[in-house]
2 protein chains.
Amino acid sequence: MAKKDKRPARPKAETPKGFRDYFGAEVSERKAMLDAIGQVYERYGFDPLESSAVETVEALGKFLPDVDRPNEGVFAWQEEDSGWVALRYDLTAPLARVYAQHRNDLPTPYRRYAMGPVWRNEKPGPGRFRQFYQCDADTVGAPSVAADAEICAMLSDTLEAVGIERGDYVVRVNNRKVLNGVLEVAGLLDPADPQAHEAERGIVLRAIDKLDRLGPDGVRALLGEGRKDASGDFTKGAGLGDAQADVVMGFMQATRDTAEETLAQLRALVGASVIGTEGVDELATIAGLLAAQGYGPDRILIDPSVVRGLGYYTGPVYEAELTFEIMDEKGRPRQFGSVAGGGRYDDLVKRFTGQAVPATGVSIGVDRLLAALIAKGRVAHRGKGPVVVTVMDRTRMADYQKMATELRDAGIRAEVYLGNPKNFGNQMKYADKRESPLAIIQGEDEAARDVVQIKDLILGAEIAQSASLEEWKANPAQTEVPRGDLVATVRRMLGDA
Amino acid sequence: MAKKDKRPARPKAETPKGFRDYFGAEVSERKAMLDAIGQVYERYGFDPLESSAVETVEALGKFLPDVDRPNEGVFAWQEEDSGWVALRYDLTAPLARVYAQHRNDLPTPYRRYAMGPVWRNEKPGPGRFRQFYQCDADTVGAPSVAADAEICAMLSDTLEAVGIERGDYVVRVNNRKVLNGVLEVAGLLDPADPQAHEAERGIVLRAIDKLDRLGPDGVRALLGEGRKDASGDFTKGAGLGDAQADVVMGFMQATRDTAEETLAQLRALVGASVIGTEGVDELATIAGLLAAQGYGPDRILIDPSVVRGLGYYTGPVYEAELTFEIMDEKGRPRQFGSVAGGGRYDDLVKRFTGQAVPATGVSIGVDRLLAALIAKGRVAHRGKGPVVVTVMDRTRMADYQKMATELRDAGIRAEVYLGNPKNFGNQMKYADKRESPLAIIQGEDEAARDVVQIKDLILGAEIAQSASLEEWKANPAQTEVPRGDLVATVRRMLGDA
């Protein structure tokens, strides 16, 4: 019989499901991007805000407790002194709470930006994690669409600041009010009886939200009788007549070569609708403000085909799209697509205070934008490892540390190998894992002659792959210099790299 | 009878108890400090790590589930697919999990730094919050005390990099092994029977940990029969005889003018103890390495009076103290005190893998160090508000936006007032709340003459406080310049500020 093991089981070294860790360059690259974004936001007068990661479920809204455990989509738990609390699932709900709580101390309008992790209790999948970064900028308390125009201009500046070239992106602007006008013309929205046709409008909104995925024909089918998908499943449509459906389709396809032509097209579509005309006027104001500041259609475009979020926002809606192609998983080229979106939502704070407060803002998809920068080679070289000072004689540690200190004092990233120095091969493997550009070597012989060897590890790796025996023997990757020339030589070699 | 209000109650706009939000300069100043710290850490070859905020309770350790709800001190809850999970309460426990999980992919030694919020489910108090920042640097897998010396040097560099001048701080180094040697000499630790005298050693460790608070006499009393505090409460002592207590007290009071003298004193105290001698040798090695790198006793000191954490760490222990005075709440001067501490803990990873992995690291008290910088006036001026372009004529919004754009393109923080422009006084109040240095004004008259008024709000505020009527009339705080000179004038005026 096997002896029973009485030791307590060891804990598993694992993150909870759907969580991950970020190492070295992953952290640095994201930080560099967020720093560049923050600089643009600051220049526009936006102030940073870091709200608490934990909120009361009541303040978060959206996920109100209607069952024993109100954690549908959020990570929530109960505290004796605060009741149900949860990790924030975005940066907008906390902004509403912060503004309502501190509105007497905050300037109005209040321009704020926020960057940080949010948590979603959703099924994790490939590339989908339960903790991820968001990066938002919002203006609270500014009713004028000048605030929306400003955020579109800022978004354009931001994309260029992080390394997306002009021509590789476009910010598209639409307006929910224009859609409302279109719905009015199509007989689906009656200003005198706003509740009527609510069900059909819901189907219409869901249908146009699928324009990207289903294309115009698919959306058209959903506006009419319905649509059968590839698997044979049938989705019931809104039951619109041809004339009604034409009006809605006309809205999404109203984009023309210039803002003027597009606006004229929309103005014709919304006809006598008051809300629709207001929406077209707002778009015209935005286009005018942006043109005056030099943001032409090469950067920001009035484009009614932007339909994402039209169901959520109450006025202007905007989306930034990267227009260059990348290869998908199957090696087929496709447009990179959306990296940021936002719009105006005028009743966010109302649930706290009873007063409607106008607000407009944008959220950047941090992971997607970072992926785009990496795809375009716009992040700093990943191999920024330290210069490694190797240890040939452990009794001379102080000398090696002194070399590292001198290098650091010259602003060069450097470290002494602190593992067991016995096996020199391990030191080289370590330097390789650290992506070190150079290794410093000083054994007994070199110390006696007051020199150091500097090994170029990048060149060394290249030579190892392709060198002839003669090249190998010549060993151009290793240089001997006087000890006193260490810093100057390293600096020159790194500069060359 | 009052009519019953049937509207649902509005949610309270409040953070959960013990949490807070950070605004504007609070965020920027902390970020600037952490960025400066990160740069030093990078230069020493440390790599950033951002682990997940949520960990399994099992992996966090320390707070193992022994009751229904294992949230003693942590925020914990149960997930269907992960069991009990919790928000991390520090950055060391996650490091142990990360290293155990990824050790095959990580270099050894692994130098990493981490900065971010941690959460404690403790009673909040004045200045004590349930979410706060930590900033740690650790070296995992380096058995040599060269790793400890390196962290002490890095800590010294870090303090100077963020703005603490040399002479205003000292890093003190002690060693748990020396204390073990002292306990051996005092007859409280028997290498042949390590369990014996455990209770007395516990009392001794707790007593010396109170040196700062109770002073030598208080500690001495606790080493002997016990101590009665001001309220009359009696704390039982370790019951040491005079000779035993003398040895322990001698350890804490062994600090001399030079490292050599202190080490000689310690060497005499530990006598023939093997572990004690090893500890003194380690301190001698650290002192030697640091001296060779130029870190003299004006920066890093061998100091056996550092006792905080001696119960937790297994080898060298270090602490950074700010030596300048500040005023306490009652206006009395006191030393600022400790802002960072750390040491060697060699069994952190063992609970996961069964193998002991040497580790040493430091944690900076982010809030305390930031408070010190603010007290010393070493943070960038807080009034970095934007230039505010006021709106005198709302139909000319595009012209105002263009001014802001030009200023931003010149790298100047600027914004257009986006509230209701009707009341000019409100615009000035807004600029004041934003701590704006300058306001730009262009009404109908100025537009016709193609000029702008630039109002110096900082000078204006000074004049408003102290000016005579003549000075007031001369209005030196307001300048009229040609529209074309806007950017150059603003730049000059901000440069002067």
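Keep in mind that the numbers below use all heavy atoms, side chains included, and drop hydrogens, waters and symmetry copies. Not measured: the values here are computed from a predicted model.
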Rounded to the nearest 0.5 angstrom, the CZ-CZ distance for Arg413(B) and Arg43(A) is 11.5 Å
Honestly, the part of Ser82(A) sitting under 4.5 Å from a heavy atom of chain B is side chain
Applying a strict 4.5 Å limit to non-hydrogen atoms, the region of Tyr99(A) in contact with chain B is neither
- Flag the pair Phe129(B) / Pro124(B) as yes when at least one side-chain heavy-atom distance between them is below 4.5 Å, and no otherwise. no
- Report yes or no: is the cationic atom of Arg408(A) (NZ for Lys, CZ for Arg) closer than 6.0 Å to the six-membered ring centre of Tyr44(B), at no more than 45° off its axis? yes
Turns out that what part of Arg394(A) lies under 4.5 Å from chain B's heavy atoms comes down to neither
With chain A, the option among Asp432(B), Thr139(B), Val416(B) that has the most non-hydrogen atom pairs under 4.5 Å is Val416(B)
The interface call for Leu87(A) against chain B, heavy-atom contacts under 4.5 Å, is side chain
Cut-off 4.5 Å, heavy atoms of chain B, and the answer for Lys31(A) is side chain
When the 4.5 angstrom heavy-atom criterion is applied to Thr405(A) and chain B, the contacting part is side chain
Check: Tyr110(A) ring centroid to His102(A) ring centroid under 6.0 Å
no
Under 4.5 Å to a heavy atom of chain B? For Glu150(A) that would be side chain
The reported gap from CZ in Arg10(B) to NZ in Lys350(A) (rounded to nearest 0.5 angstrom) is 9.5 Å
So, the part of Ala53(A) with a heavy atom under 4.5 Å from chain B: the answer is both
When the 4.5 angstrom heavy-atom criterion is applied to Pro386(A) and chain B, the contacting part is side chain
Turns out that what part of Val85(A) lies under 4.5 Å from chain B's heavy atoms comes down to side chain
Original post:
Any side-chain heavy atom of Arg130(A) within less than 4.5 Å of one from Asn121(A)?
Top reply: yes
If we ignore hydrogens and angles and just use 3.5 Å, is the side chain of Asp21(B) paired with the main-chain N or O of Ser52(A) as donor and acceptor?
yes
Assert top hit (heavy-atom pairs under 4.5 Å, partner chain B, pool Arg112(A), Arg111(A), Met397(A)) equals Arg111(A)
Bottom line for Gln131(A): the part with an atom under 4.5 Å from chain B's heavy atoms is side chain
Honestly, the part of Thr285(A) sitting under 4.5 Å from a heavy atom of chain B is neither
If one checks every heavy atom of Tyr400(A) against chain B at 4.5 Å, the contacting part turns out to be neither
Greatest number of non-hydrogen atom pairs under 4.5 angstrom with chain A, of Gln39(B), Lys429(B), Arg30(B), Glu406(B), falls to Arg30(B)
